[in-house]
Amino acid sequence: MSDKATFTLDGKNYEYPVITGTENEKAVDISKLRAQSGFVTFDEGYKNTGCTVSNITFLDGEKGILRYRGYGIEDLAEKATFTEVSYLLLYGELPTAKQLKDFEDNLTQHTLVHENLMKVFEVFPSGSHPMGQLMTLISGLSSFYPDSLNPNKSPEQVNLTIIRLLAKMPTICAMIQKKGKGHPLVYPQNKHDYVTNFLRMTFGNVTDDYAPDPVVIDAMNKLLILHADHEQNCSTATVRIVGSSHANLYASIGAGVAALWGPRHGGANQEVLEMLEHIQTIDKGDVKKVVAEAKDKKRLLFGFGHRVYKNFDPRATIIKKSCDNVLAKLGVNDPLLDIAKQLEEVALTDPYFIERKLYPNVDFYSGIIYKALGFPTPMFTVLFALGRLPGWISQWKEMREKNEDIGRPRQIYNGPGLRPFVGITDRK
Ligand code: SDX
C-alpha cells in the first residue's frame, strides 16, 4: 500500500501523505490541500474526518472493539476499578499499587467544594434539569480557582486542576441529586473510596450511617468504566475544540457537558427510560407498533444506532449482561427490562434495522440499572458525565501537551452574493 495518495483536481495532480495508525487505520493528510489547490474537503458531521492522532482509545466499529490505552474494555470492566481506569486514561499506564494509593489519596484531599458554590443552587428554579446545573457548576469552578485560568502555566498546575475536578465531580453530582430532593447535603469522607463516597453522598443521609451494597458499588464501577472514554465523540470533540483555544479545563469540560446533554448523544439514556415507560403505559407494551412507527420516521428509537458501531456496541453487550445480574442480586423485577428485550428482538430481526446496521448502544440498558440503583431519571446523563470525565480530561490533556492548533473548520458558503444595502424605508 502506497504511503501517498494522489488527487486530481482541475486536471492537476496533488500528492498527500497517508498516515497509518497502530491498528492499521489509514488517513490521507490533506492539511496542505487548500493552500496548494484552493479546494477544501467537505464532510458534514465529520463522518469521515480524523481531527487528531491520539494514543488514548482505540475503537473498531465494524468488529465491535473498544480499548483504553490498549486494554480491552471487557477486561477493564471486569477487573479494574474506576479510579484505576481514570489513572490509565490520564497517565497512559495502569498504576502500580503505590501509584494508585497516592492518586486516590490525592483525590480525597480535594473532594470538598467551596461553600459559596452551593449557594448557586439557590438561584435555580426547583425542577431545573440536573445537566444544566452540572454545566453551570463545573464552569463555575473556574471562578473559585483563578490559578487554573491559564492552562499554559505549568504541568504541576494543570495536574492540580485535573485532580481538583476529578475529586469534586462526585460531590457536585451528589449535591445535584440531594438538592433536587430538598435533602441536606452529605459531605464526603476521606476514608471512603471514590465510588463509595459518591454513593454515600447520593443515597446516604445526615441522620444515619450508610454503607452502599457491594453489588451497587460493583455495578457503579462497571458503568463508570464503560462510559470513561470513546475517542472523538460529540462531547469529547467539543472539549478538545474548546480547549484548543487555550480555554481553561473547567470551561472546556463545561462545554463537553453541554454537548453530552443532547438526546442524540448522552441525553439518550434518559430518553430511553422515558420511551420504555411510554411503551409500557401509553402503547400498552405494543413494541411492534413502536418499531413500525420508528421505520416510518414518526419516532426515534432511543438507544439504537451509532455513528461508529455498525455491528454491535461492546459496552451494550456488557451492560445487558450486568443488567440481568444487578436486578437479580438486588431482587428487582422491572417490567421495563422485558420491554427493552422485546424491543431489541423485534428491531434486530427487522430489515430496516438490519440494513441500516442499527443496534442497541451504550445508553439502551444503562438506564434500567440506574433506575434499579435508585437514581431519578433526570440524573442519568449526569452519571454518564461522571463516567466520561477522565476521558474528557485525558483528551484535553493530550491535545494541550501536543500544543495542537486551534480547531477551526472551513465551510462552503451558499448564501447571497454581494448586495447593495437597502435603507429601512425602501425595504419591502
Ligand atoms: C452516544 O459517538 C459516540 O461515540 C457517542 C457515544 C459515546 O460513548 O460518546 O457512544 C454515546 O451518544 C450513543 C448514541 C445515543 N443516541 C441515541 O441512542 C439516539 C438514537 N440514535 C440516533 O439518533 C443515531 O443513530 C445516532 C445519532 C446515534 C447516529 O447518527 P448517524 O450516524 O448520523 O446516523 P443517521 O442519523 O444518519 O441514521 C442513518 C439511518 C437514517 O435512516 P435513512 O435516512 O437512511 O432512511 O438510520 C436511521 C436514520 O433515520 N436511524 C434510526 C435510528 N438511528 C438512525 N431510525 C430509527 N431509530 C434510530 N435510533
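For ligands, and for the atoms within them, numbers begin at 1 and follow the listed sequence.
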Quiz item: Between F375 and F203, is the ring centre distance below 6.0 Å?
Solution: yes
Quiz item: Do the side-chain N and O atoms of D405 and S244 include a donor-acceptor pair separated by under 3.5 angstrom?
Solution: no
Quiz item: Will you find, in the side chains of E104 and T83, an N or O donor that is under 3.5 Å from an N or O acceptor?
Solution: yes
Quiz prompt | Crowding at CZ, R299 (>12 non-hydrogen neighbours, <6.0 Å) | solution = yes
Quiz prompt | Atom-level proximity to ligand 1, residues with heavy atom under 4.0 Å | solution = H230, N233, P263, R264, H265, A268, K297, L300, L301, F302, G303, F304, G305, H306, R307, R315, Y352, R356, L358, N361, D363, F384, R388
Quiz item: Using a distance-only test with no angle check, is there a side-chain donor-acceptor pair under 3.5 angstrom linking N159 and Y91?
Solution: yes
Self-check item: ring pair (Phe, Tyr, Trp, His ring centres under 6.0 Å) partner of F304, the single match among Y352, F364, Y309, Y359
Solution: F364
